[in-house]
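Numbered from 1 within each chain, the chains take letters A, B, ... in sequence-line order. Scope of the values below: all heavy atoms of this structure, side chains included, with no hydrogens, waters or symmetry mates.
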Amino acid sequence: TQLLEQSPQFLSIQEGENLTVYCNSSSVFSSLQWYRQEPGEGPVLLVTVVTGGEVKKLKRLTFQFGDARKDSSLHITAAQPGDTGLYLCAEYSDMRFGAGTRLTVKP
Amino acid sequence: SQTIHQWPATLVQPVGSPLSLECTVEGTSNPNLYWYRQAAGRGLQLLFYSVGIGQISSEVPQNLSASRPQDRQFILSSKKLLLSDSGFYLCAWGQDGEQYFGPGTRLTVT
């Protein structure tokens, strides 16, 4: 069974700061997704990465997939209060999710 | 475009009562369908998934069951709810390696 570990579990920062959150697996990902979830709503897909070393950008968000496809990071530049939420990584073939990083961006 | 609906949005049920949560998908055919449960502020636990009508796979032994009577309809049921069944239930559809979630049902068992 593949285990997905996300760190940190909680992160509270001021508006304008940069941050990075991580997702690590005990085995190789076939493909990895990052989601953002706001309280009381379903997760929303942000990105899918498939190829080792792949980097994808979505406005101020940069997603990186490790060369060995066992880890991934999400970097947010100049965080805004609207970035607040629970960030989840998931392995699609296993349909398994990490426990998430709860991000709070204070104005 | 594809949309996914879940109802009800919130539900309060007594212990021992039955449960039926419904999920429907529009704008796609033969999707993979999933039921997840999420504890407060935590990650998602896969409960059931279906690759076609009448085909259900269960991930976790529990007090719940699922059915897929139509291609784009997925139902989560229980005959007798337990306190431990409380949580946020999410339905999702998947295709081409990605999943899309419904708005969820907040279930409180009292």
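Of the listed residues A:S31, A:A90, A:P39, A:P43, the one with more heavy-atom pairs under 4.5 angstrom with chain B than any other is A:P43.
In this structure, A:R60 pairs ionically with A:D83, as a charged nitrogen and a carboxylate oxygen lie closer than 4.0 Å.
At a 4.5 Å heavy-atom cutoff, the contact between B:L90 and chain A is made by side-chain atoms alone. With a 4.5 Å cut-off on non-hydrogen atoms, A:Q37 touches chain B through its side chain but not through its backbone.
The local environment of NZ in A:K56 is crowded, with over 12 non-hydrogen atoms from other residues, nucleotides or ligands closer than 6.0 Å.
Side-chain atoms of B:T108 and B:Q13 form no donor-acceptor pair, as typed in the model, at a separation below 3.5 Å.
Ring pair B:F101/B:Y34: centre-to-centre distance not below 6.0 Å.
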